[in-house]
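As structure tokens, the structure follows; a few thoughts come after it.
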Amino acid sequence: MIRQLVFVSLLISTQVLAAGSGRYESSSDKSPLAKVEKLVAQEDYSAASTWLQSYLQSSKGRRSADAWNLLGFSQRKLGQYSQALYAYQQALSIKPSHLGALEYSGELYLSMRQPQRAQQNLQRLEQYCGDCEEKMQLTSAINRYIAEN
């Protein structure tokens, strides 16, 4: 029982970190995204989404793959799949190798019952990063999807 709780805690903390803090150019405390990363870490996806939508209207925010990825993550967690997909597509149009956007849009495709598209993202992750954390997370999500369906 304790092992399971520790595993679940580690899994949740990994997912929060993967949303944007620590692995992208926005990881600096001086970054304008530092505030929204805290909202995501607190699972306040509605506030994060609202803040990001405003930020992305600015000239600086509009070209931030990290901001689009965080918006996609927040919207996906809120169940707003079409908006999340658009946000991930924007992130990937700015930076096609954005590891977080590739992983999370792959997870979104699984939620949308499109495992073949998730598999395509997995192949892109292999190309860009080999055996990185994002690839391992998406592989795990795909395996869970297959086992459940």
Side-chain angles (χ1 to χ4, degrees), residues 8 10-146 148-149:
V8 170
L10 288 173
L11 184 60
I12 290 169
S13 65
T14 300
Q15 289 176 340
V16 170
L17 284 174
S21 64
R23 293 203 316 225
Y24 308 115
E25 55 267 11
S26 67
S27 64
S28 165
D29 284 340
K30 295 178 184 176
S31 164
L33 298 181
K35 175 183 179 176
V36 78
E37 287 176 342
K38 290 178 184 170
L39 292 171
V40 169
Q42 296 167 353
E43 299 182 16
D44 190 350
Y45 303 121
S46 182
S49 180
T50 300
W51 189 93
L52 283 159
Q53 288 174 17
S54 175
Y55 176 72
L56 285 164
Q57 292 177 4
S58 73
S59 59
K60 185 175 182 179
R62 197 170 299 120
R63 298 294 306 158
S64 172
D66 286 344
W68 283 109
N69 179 53
L70 285 164
L71 179 61
F73 182 86
S74 298
Q75 290 173 326
R76 179 170 60 95
K77 292 296 188 176
L78 292 168
Q80 301 169 348
Y81 293 161
S82 61
Q83 296 95 322
L85 182 59
Y86 177 79
Y88 290 135
Q89 289 170 339
Q90 293 301 307
L92 292 168
S93 73
I94 295 166
K95 185 176 181 183
S97 63
H98 196 287
L99 304 180
L102 285 168
E103 175 193 344
Y104 294 140
S105 61
E107 292 178 12
L108 175 62
Y109 289 135
L110 294 173
S111 297
M112 297 169 67
R113 300 192 151 310
Q114 298 177 16
Q116 69 285 0
R117 293 189 75 183
Q119 190 66 41
Q120 290 170 350
N121 279 26
L122 184 62
Q123 291 170 352
R124 289 177 64 189
L125 283 168
E126 286 178 2
Q127 173 188 353
Y128 291 126
C129 68
D131 283 330
C132 61
E133 183 177 344
E134 291 83 0
K135 181 198 168 236
M136 292 186 305
Q137 292 284 342
L138 184 54
T139 298
S140 178
I142 290 170
N143 289 339
R144 278 192 311 275
Y145 177 87
I146 291 169
E148 294 171 0
N149 292 293

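Just so you know, these numbers use all the heavy atoms, side chains as well, and skip hydrogens, waters and symmetry mates.
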Heavy-atom pair with the smallest gap, counting every atom of His98 and Asp66: NE2-OD1, 2.7 Å
Distance from Leu102 atom CG to Tyr128 atom OH, nearest 0.5 Å? 7.0 Å
Glu107: which of Lys77, Arg76, Arg117, Arg144 passes salt bridge (charged side-chain N to carboxylate O under 4.0 Å, His left out): Arg76
For Leu56 and Arg62: C-alpha separation, side-chain torsions, deciding distance, then whether side chain to side chain contact (heavy atoms under 4.5 Å, CB included) applies. CA-CA 5 Å; Leu56 285 164; Arg62 197 170 299 120; 5.8 Å; no
Tyr55 vs Lys60 side-chain heavy atoms within contact, under 4.5 Å: yes
Which atom names give the shortest non-hydrogen contact between Ala91 and Ala65, and what distance separates them? CB-O, 3.4 Å
Answer yes or no: are there more than 12 heavy-atom neighbours, outside Tyr145 itself, under 6.0 Å from its atom OH? yes
Could you tell me whether a side-chain N or O of Ser140 sits under 3.5 Å from a main-chain N or O of Met136, the two making a donor and an acceptor? no
For residues Gly72 and Ala84, report the shortest heavy-atom separation together with the two atoms involved. O-CB, 3.4 Å
For the residue pair Glu103 and Asn121, establish whether any side-chain heavy-atom pair is separated by less than 4.5 Å. no
With rounding to the nearest 0.5 angstrom, report the CG to CZ distance, Leu78 to Phe73. 10.5 Å
Inter-residue atom distance Cys129.SG - Glu133.CD, 0.5 Å rounding: 10.0 Å
Between OG1 of Thr139 and CG of Leu122, what distance do you get to the nearest 0.5 Å? 4.0 Å
Any donor-acceptor N/O pair, Trp68 side chain to Leu92 backbone, under 3.5 Å: no
Shortest non-hydrogen contact from Asn69 toward Gly100: OD1-C, 3.5 Å
When you compare the side chain of Arg124 with that of Pro96, does any pair of heavy atoms fall below 4.5 Å? yes
Verify whether one side chain among Gln53 and Ser49 offers a donor that lies under 3.5 Å from an acceptor in the other. yes
Polar side-chain atom of Asp44 near backbone of Leu39 as donor-acceptor pair, under 3.5 Å: no
Separation between OG of Ser82 and OH of Tyr86, rounded to the nearest 0.5 Å: 12.0 Å
In Å and rounded to the nearest 0.5 Å, what is the CG to NZ distance from Leu125 to Lys135? 9.0 Å
Please name the pair of heavy atoms, one in Met112 and one in Leu85, separated by the smallest distance, quoted to 0.1 Å. CE-CD2, 4.2 Å
Are side-chain heavy atoms of Trp51 and Leu33 found at a separation under 4.5 Å? yes
Is the number of heavy atoms from other residues, nucleotides or ligands within 6.0 Å of CG (Asp131) greater than 12? no
Atom of Gln75, atom of Gln83 and distance for their closest heavy-atom approach: OE1-O, 3.0 Å
Hey, is the main chain of Gln90 close enough, under 3.5 Å, to the side chain of Ser93 for a donor-acceptor pair? yes
Heavy-atom check, side chain of Ser111 versus side chain of Tyr81, under 4.5 Å: yes
